[in-house]
Number of protein chains: 2
Amino acid sequence: MPPKSDKRERLLKAARRLIHQQGFQRTTLADIAEQSGVPLGNVYYYFRTKDEIVRAVIEDRTQRFLALAEGWEQDPDPGKRLHCFLEMPVSIDRSIAAHGCPVGSLSQELSKKGDGHAELAGQTLRAQLDWVTEQFRLLGRADAELLGHQFIATLQGSSLLANTLNRPEVLIEQVERLKQWVQSFSAGEKGGKTT
Amino acid sequence: MPPKSDKRERLLKAARRLIHQQGFQRTTLADIAEQSGVPLGNVYYYFRTKDEIVRAVIEDRTQRFLALAEGWEQDPDPGKRLHCFLEMPVSIDRSIAAHGCPVGSLSQELSKKGDGHAELAGQTLRAQLDWVTEQFRLLGRADAELLGHQFIATLQGSSLLANTLNRPEVLIEQVERLKQWVQSFSAGEKGGKTT
DNA sequence: GTCTATATGTTGATAGAC
DNA sequence: GTCTATCAACATATAGAC
C-alpha cells in the first residue's frame, strides 16, 4: 500500500521547532505551513485550531520523554538513571542558551494564557518531575519530593539563566554540579547531602 | 504649581501588572489604556511605541531592585543581606505561583523576540545576579560567581515550578532551604557547603 | 495636552473549486 | 485529500479636531 502522507508529521516537527525558537504566540500558522511545505489552508485538515497544534506538540514532547526514560530504566541503578537524565540538557546546551528550555519556556508562556491550558501546559515538566522524584525514592530517600523539586528547579533555573546571559557554560556548570550531587546519594552511606 | 499629570505613571503601573499577568505580547495597548483610565490614542503621547513601554517597565523594575538592595546594604553582614533578598519572593509567592516570576518570565519571552531586545530583556535579572554574586564575594568566597548562579537559578527554577504546578509551597520550601544554605556560609569556619 | 476616528497590517479561520 | 482565495477580527499606530 502507498505510504500515508507525512504532512501531519512534518507540520508537527516544524511546530515543535518554531514554538521553541519563537514562542507559541509569535509562531503563526503561516510560519508552520511554510516550514513544512504545506499550503496554509491545508493545515486545517490536520489540526482544527492553532491550540490543537500546541496540544499535539506538548503530548509529543511528553511521549518522547517517557520513551527516553524507559530506555534509561534498563539500568537498575537510579543514580545512574539520573545521570542519564542530566546528559539531556548537556546535549542541547546551545539550543537552550539560544531559546531557553523548550519544556519550561512553553509551560510559562501557556500559564499566562488563562484558558484551560494551565493543565496541559505543565504536562511534560510534571512527567519529568514525577520520574526524577521516583528515582530519589528508589534511592531510599524519604525527602524524595523535595529533592525532585531541587533537581528540576536547578535545571530550569540554569536554563533560564544561560538563556538570559547567552552563556551555555552556566547550564553546563550547574549540570556538572548536579551530577556530583546525585553521585553523593549513591555512594554515601549516610545518604547524601541535604543541601 | 499644579501637579503634573500622573498618566504616565498610571500607564506604567498598569503595564507592569498586565505584562506580568498576561505576558508582553498578549497585553494590548487597549488593555493598558483601559486599566489606566487613559484613552487609547493618548498612550502615544507618553510612549512612542509598545516596545518603549516594555523598556520602561524593565528599567523601572531594575531601579526598584537597586533601591531595595541599597536599603539592605545598611546591614554590614552580606549573609543577612542575602536573607533580605530571599524575603522578596516569599512576600509575593502567590503572585509568582499564579503568573511566574515577573523578572524571569519576561526575560524569557523577550529572548524569543529576536530583535535587540535580548540585551534589555535580561537587565533586571543581571542586576540581581551581579548583586548576589557580590555578596558571596564579600563573604570571602572565591567561587562567588558559581554560587550566584546557583542562588538565582534555584529561585528562578522554583518560581517556574511553583507556577507550573500551581503550588506556592514549592517556592517557599526552596527559599527556606536557600536561607539555611546561606547561613552555613556565615556561620561555618571552613566556608560553607559547596553543594 | 487630550481625545475620537481611522488607517494599515497581520492572523486565525473558512468557503469552495478541484 | 489538496489547494487558492478570502473573510472577519484584532492590534499597532497615525491624523487631526479640540
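A note on names: the letters A, B, ... follow the listed sequences, proteins ahead of strands, and every chain is numbered from 1.
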**Student:** Is the CD atom of A/Glu9 crowded by more than 12 outside heavy atoms at less than 6.0 Å?
**Tutor:** no

**Student:** Would you kindly give the CG-to-P distance between A/Asp51 and C/dT11, to the nearest whole Å?
**Tutor:** 16 Å

**Student:** Quick one: A/Asn42 CG to C/dT14 C1', roughly how many Å, whole number?
**Tutor:** 14 Å

**Student:** A/Lys7 has a side chain; which of C/dT2, D/dT2, C/dC3 sits nearest to it?
**Tutor:** D/dT2

**Student:** What is the distance, to the nearest angstrom, from the CZ atom on A/Arg10 to the C1' atom on D/dT2?
**Tutor:** 12 Å

**Student:** May I have the distance from A/Arg8 (atom CZ) to D/dG1 (atom P), rounded to whole angstrom?
**Tutor:** 12 Å

**Student:** Please tell me which of the listed nucleotides, D/dT12, C/dC3, D/dC3, lies nearest to the side chain of B/Leu40?
**Tutor:** D/dT12

**Student:** Counting only heavy atoms not in B/Arg55, do more than 12 sit closer than 6.0 Å to its CZ atom?
**Tutor:** no

**Student:** More than 12 foreign heavy atoms under 6.0 Å from CD of B/Glu119: is that the case here?
**Tutor:** no

**Student:** Decide, yes or no, whether a salt bridge links A/Arg81 with A/Asp77 under the criterion of side-chain N to carboxylate O below 4.0 Å.
**Tutor:** no

**Student:** Give a yes/no on whether any side-chain N or O of A/Tyr45 is located under 4.0 angstrom from OP1 or OP2 of D/dT2.
**Tutor:** no

**Student:** Is it possible for you to check whether A/Lys80 lies under 6.0 Å from the centre of the six-membered ring of A/Phe85, through NZ or CZ, and within 45° of that ring's axis?
**Tutor:** no

**Student:** To the nearest Å, give me how far apart OH (A/Tyr44) and P (C/dT14) are.
**Tutor:** 7 Å

**Student:** Which is true for A/Tyr46 with a 4.0 Å heavy-atom rule: it touches a base, it touches only sugar-phosphate, or it touches nothing?
**Tutor:** sugar-phosphate

**Student:** Below the 4.0 Å mark, does C/dA13 have OP1 or OP2 next to a side-chain nitrogen or oxygen of A/Lys50?
**Tutor:** no

**Student:** What are the residues of residues 20-37 of chain A, sorted by number, that bring a heavy atom to within less than 4.0 Å of DNA chain D?
**Tutor:** none

**Student:** Indicate yes or no: does A/Asp51 engage A/Lys113 in a salt bridge with an N to O separation below 4.0 Å.
**Tutor:** yes

**Student:** Take atom NZ in B/Lys13; do more than 12 heavy atoms of anything else shown fall under 6.0 Å from it?
**Tutor:** no

**Student:** Expressed as a whole number of angstroms, how long is the span from A/Phe47:CZ to C/dT14:C1'?
**Tutor:** 18 Å

